[in-house]
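The structure under discussion appears below in the form of structure tokens.
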Amino acid sequence: MKQRVSALLREKFNCDVILEKPKDRSFGHFATPIAFSLAKELRKSPMAIAEEIAASFNEHEMFGAVESVKGYINFRLSESFLDEYASWALSHGEQFGSSDKKGSILLEFVSANPTGPLHIGHARGAVYGDTMLRLGRHLGYDITAEYYVNDAGNQIDLLGVSLQLEGRSSLLGESVEWPEKYYRGEYLSDLAKEVVELFGAEALRDESRQKELALWAKDKILALIVDDLKAINIEFDTFVSEASLYDEWDRVMAKMGEGVYVNEGKTFIRSSELGDDHDRVVVREDGRPTYLAGDIIYHNQKFERGFEDYINIWGADHHGYIARVKAAITYLGYDASKLEVLLSQMVSLLKDGEPFKMSKRAGTVILMSDVVEEIGSDALRFMFASKKCDTALEFDIEELKRQDSSNPIYYIQYAHARIQTLIAKSEKRMDEIMAAHLHGLSSDADGLLFEALLLPEIIDDAFESRQAQKLPDYLKVLAGRLHKFYYDTRIIGSEDEAALLKLLLVVALSIKTGLSLLGIQAKDRM
RNA sequence: GCGUCCGUAGCUCAGCUGGAUAGAGCACCGGUUUGCGGUACCGGCGGUCAGGGAUUCGAAUUCCUUCGGGCGCACCA
């Protein structure tokens with residue numbers, strides 16, 4: 001819709017014209033302050049210029065009115081245009097707002113270590129990533145959702161030891177020393193029980209079996225993570241195992257050429273020449289690779305697979321890591337600017353004002369699955385999707401358990417359900433409704449229709465600007481307008497019943513489509 | 001100290017590429033249809049957009065700076 005108007009103006013002025021939606025809808029649907037910027041070069045007052053421009057549009061069929069006010073030019077779309085557009089939207093169903101953008105994108109997110117269940121911080125990145133995935137796909141991009149599994153290195157060794165310690169302490173009743181950084185948590189004692197059943201109790205004491213147990217456990221834990229994600233409607237296309245990549249090591253090192261060097265028995269990457277603070281070790285003196293090494297081969301593999309763009313969603317605590325990975329990509333001979341790293345900031349959780357602490361090692365973590373159990377997947381997803389991801393976030397569980405207008409997800413669902421009830425109650429047949437024409441709309445009805453038809457622009461904007469929260473914000477506003485309209489306007493039995501229902505169908509369509517892009521299913525009844 | 005993100009109403013947060021009177025929800029106070037689900041709607045209270053400077057017709061938005069907070073600054077992942 002906006003694109004159509006925008007294109008028209010571009011043609012007329014031969015340049016891109018800023019088009020905005022006036023806060024006060026009595027000004028029209030769109031407005032532009034272009035007269036202000038033209039004032040200087042034309043040596044005329046903005047008002048005079050606006051007058052002239054407005055007059056030149058007066059006969060255009062797309063507009064019902066074009067007026068100039070205090071230098072702004074306000075456009076009001078014609079009813080026939082809106083009606084036509086509404087019919088077009090309804091005929092497209094949930095494809096409304098889709099597009100035919102081209103491009104393949106590899107989207108990597110979550111990638112939590114398979115050493116414990118997901119906690120609430122992971123959930124934020126997961127929801128954000130999945131929302132971007134759904135938005136991007138709706139727009140036509142070919143996106144692969146990938147989970148990188150850190151199943152090599154230290155944390156796997158730690159997992160094996162932790163598992164044995166946990167088993168010996170909780171099952172065999174031994175008193176054991178818990179070193180600070182080892183993993184703790186309920187999931188470990190469950191796993192230890194399984195170990196005893198499958199391998200016998202002696203497996204918990206045999207140090208030589210630590211590795212074997214660790215590898216067994218990480219598969220179990222990964223399966224747990226996958227289940228957790230499924231519970232909030234997130235599924236990945238591919239999982240890439242870090243351990244499986246190391247066969248490529250020599251080839252990748254050779255590929256980096258001068259980008260790496262050996263000093264005092266250690267292998268370094270020359271990342272300081274590409275914006276990093278200093279060069280980083282990739283292979284230790286004893287030959288064990290560092291964490292960075294895994295990421296280097298992984299990103300090499302990503303680029304060899306030949307996507308057009310790459311998006312990584314990382315926790316904010318990894319931001320210092322971006323420079324070195326980009327340096328590696330450059331040394332591997334690829335364009336590092338194709339990798340876009342989006343950071344999701346920390347989450348803290350409140351309950352009655354009391355802050356919860358999150359520490360993976362301490363065993364007092366807030367598990368995502370616990371929160372989902374409390375408030376449900378929909379509320380969790382809506383919550384995280386509504387906040388832009390570069391602000392540290394605090395939220396209170398209790399607020400999200402409410403089932404009234406203070407909880408936006410209920411507010412929106414209720415709007416959708418109200419429409420479905422009206423459709424069911426009406427005697428009008430669907431074909432009558434679809435054939436109805438929208439004309440003589442009140443300003444409330446017009447505002448509601450216009451809002452509902454904005455969905456495509458919102459989707460595009462939310463994805464391209466990587467600001468997922470624009471969609472939830474939009475849905476809140478749309479639902480609010482619907483509720484008000486419902487309150488003010490009698491629909492069943494009115495003269496315009498069919499037309500009004502058509503209008504409401506468009507609203508329902510936008511809500512349903514919008515929610516599905518948030519991984520939430522619209523409800524017909526509540 | 002360096003890097004990075006942030007600072008908007010008492011609280012949790014929006015505010016699009018600079019534009020018309022800075023917005024929601026919560027909390028608090030008050031109100032609502034002889035009607036389709038009151039799980040709704042309306043009104044009131046509440047702001048030096050952290051402070052200062054710059055850019056310009058115009059800044060919450062861009063730039064610089066000070067202050068305050070989160071995160072990171074490993075041969076840990």
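Throughout, protein chains are lettered first and strands after them, A, B, ... in sequence-line order, and every chain is numbered starting at 1.
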**Message:** Please classify the nucleic acid contact of A:Asn74 as base, sugar-phosphate, or nothing, using heavy-atom distances under 4.0 Å.
**Reply:** base
**Request:** Quick one: label A:Lys70 by what it contacts on the DNA or RNA (base, sugar-phosphate, nothing), any heavy atom closer than 4.0 Å.
**Result:** nothing
**Message:** Counting only side-chain nitrogens and oxygens, does A:Lys425 get under 4.0 Å of the OP1 or OP2 atom of B:G37?
**Reply:** yes
**Item:** Pi stacking test for A:Phe27 and B:A20: under 5.5 Å apart, planes under 30°
**Value:** yes
**Prompt:** Hey, is the side chain of A:Tyr411 poking within less than 4.0 Å of OP1 or OP2 on B:C41, counting only N and O atoms?
**Reply:** yes
**Asked** With a 4.0 Å cut-off on heavy atoms, is A:Arg490 in touch with a base, just the backbone sugar-phosphate, or nothing at all?
**Response** base
**Message:** Using a heavy-atom cut-off of 4.0 Å across all strands, would you classify A:Ala31 as base, sugar-phosphate, or nothing?
**Reply:** base
**Message:** Is the base of B:A40 stacked against the aromatic ring of A:Tyr487, taking ring centres under 5.5 Å apart and planes under 30° as the test?
**Reply:** no
**Request:** Go through the N and O atoms of the side chain of A:His318 and the base of B:G72, and report whether any donor-acceptor pair is under 3.5 Å.
**Result:** no
**Message:** Using atom P in both nucleotides, what's the gap between B:G68 and B:A40 to the nearest angstrom?
**Reply:** 44 Å
**Request:** Please check the phosphate of B:G15 (OP1 and OP2 only) for any side-chain N or O of A:Gln469 closer than 4.0 Å.
**Result:** yes
**B:G23 - base-pair partner by Watson-Crick or wobble geometry, distances under 3.5 Å** = B:C13
**Request:** Name the nucleic acid region contacted by A:Leu19, choosing base, sugar-phosphate or nothing; use a 4.0 angstrom heavy-atom cut-off, strictly under.
**Result:** base
**Request:** Give the nucleotide from the list B:G38, B:U39, B:G72 with an atom nearest to the side chain of A:Met526.
**Result:** B:U39
**Item:** Upstream residue (5' side of RNA chain B) when A:Ala316 and A:Gly480 are each assigned their closest nucleotide
**Value:** A:Gly480
**Prompt:** Does a salt bridge link A:Lys101 with A:Asp460, judged by any charged N lying under 4.0 Å from a carboxylate O?
**Reply:** yes
**Item:** Residues A:Asp279 and A:Arg270 bridged, charged N to O under 4.0 Å
**Value:** no
**Message:** Rounded at 0.5 Å granularity, tell me how far CG in A:Asp228 sits from CD1 in A:Ile221.
**Reply:** 11.5 Å
**Asked** Expressed in angstrom and rounded to an integer, what is the separation of A:Asp277 atom CG from B:G1 atom P?
**Response** 16 Å
**Prompt:** OP1 or OP2 of B:G19 less than 4.0 angstrom from a side-chain nitrogen or oxygen of A:Thr32, does that happen here?
**Reply:** no
**Prompt:** What's the CD1-C1' distance between A:Ile458 and B:G15, to the nearest Å?
**Reply:** 13 Å
**Request:** Looking at every strand, decide which applies to A:Ser37 at a 4.0 Å heavy-atom threshold: base, sugar-phosphate, or nothing.
**Result:** nothing
**Message:** Looking only at the aromatic ring of each residue, does the gap between the centers of A:Phe57 and A:Phe75 stay below 6.0 angstrom?
**Reply:** yes
**Side-chain N or O of A:Lys388 closer than 4.0 Å to phosphate OP1/OP2 of B:C6** = no
**Item:** Nearest to side-chain heavy atoms of A:Asn150, which nucleotide of B:A20, B:A77, B:G37
**Value:** B:A77
**Message:** With a cut-off of less than 4.0 Å, is there a side-chain N or O of A:Arg324 near OP1 or OP2 of B:G3?
**Reply:** no
**Asked** Is the ring centre of A:Tyr321 less than 6.0 Å from the ring centre of A:Tyr291?
**Response** yes
**Message:** Side-chain N or O of A:Tyr321 versus OP1/OP2 of B:C73: is the shortest distance under 4.0 Å?
**Reply:** no
**Item:** Modelled atom types, side-chain donor and acceptor of A:Glu146 and A:Tyr298, under 3.5 Å
**Value:** yes
**Message:** Between B:G30 and B:C36, how many Å separate the two P atoms, rounded to a whole number?
**Reply:** 27 Å
**Any A:Asn154 side-chain N or O less than 4.0 Å from OP1/OP2 of B:A77** = yes
**Request:** Give A:Ala39 one of three labels, base, sugar-phosphate or nothing, depending on what nucleic acid heavy atoms sit under 4.0 Å from its own.
**Result:** nothing
**Complete:** Closest to the side chain of A:Thr391, out of B:A40, B:G19, B:C6, is B:C6
**Request:** Give the rounded distance in Å between these two atoms: CG of A:Leu448 and P of B:C41.
**Result:** 13 Å
**Complete:** Whole-Å distance, A:Phe384 CZ to B:A14 P, equals 13 Å
**Request:** Would you indicate what A:His319 reaches in the nucleic acid, counting non-hydrogen atoms under 4.0 angstrom: base, sugar-phosphate, or nothing?
**Result:** base
**Request:** Name the pairing partner of B:C28, where a pair is Watson-Crick or G-U wobble with both distances under 3.5 Å, or state none.
**Result:** B:G44
**Request:** Name the nucleic acid region contacted by A:Thr421, choosing base, sugar-phosphate or nothing; use a 4.0 angstrom heavy-atom cut-off, strictly under.
**Result:** base
**Message:** Does A:Tyr291 reach a base, just sugar-phosphate, or nothing at all? Heavy atoms under 4.0 Å.
**Reply:** base
**Message:** If I take atom CG in residue A:Asp488 and atom P in nucleotide B:G35, what distance separates them, rounded to the nearest angstrom?
**Reply:** 15 Å
**Prompt:** Is A:Leu393 touching bases, backbone alone, or none of the nucleic acid, heavy atoms closer than 4.0 Å?
**Reply:** sugar-phosphate
**Message:** Nearest whole Å is fine: how far is B:C5 P from A:Gln467 CD?
**Reply:** 13 Å
**Message:** Salt bridge check, A:Lys428 against A:Glu497: does any charged N sit closer than 4.0 Å to a carboxylate O?
**Reply:** no
**Request:** To the nearest Å, give me how far apart OH (A:Tyr474) and P (B:A24) are.
**Result:** 18 Å
**Message:** Check the orientation of A:His299 and A:Trp314. Use parallel for under 30°, tilted for 30 to 60°, and perpendicular for over 60°.
**Reply:** perpendicular
**Request:** For A:Leu422 and for A:Glu285, locate the closest nucleotide of RNA chain B by heavy-atom distance; then report the residue assigned to the nucleotide nearer the 5' terminus.
**Result:** A:Leu422
**Message:** Does the plane of the ring in A:His29 sit parallel, tilted or perpendicular to the ring in A:Phe450? Use 30° and 60° as the thresholds.
**Reply:** tilted
**Request:** Could you check which of B:A77, B:G37, B:C5 has an atom nearest any side-chain atom of A:Asp390?
**Result:** B:C5
**Prompt:** Between the base of B:A77 and the side chain of A:Asp157, is there any donor-acceptor pair under 3.5 Å?
**Reply:** no
**Selection from B:G35, B:G19, B:C16 that lies nearest to any side-chain heavy atom of A:Phe36** = B:G19
**Complete:** In whole angstroms, the gap separating C1' of B:G70 from CG of A:Leu343 amounts to 13 Å
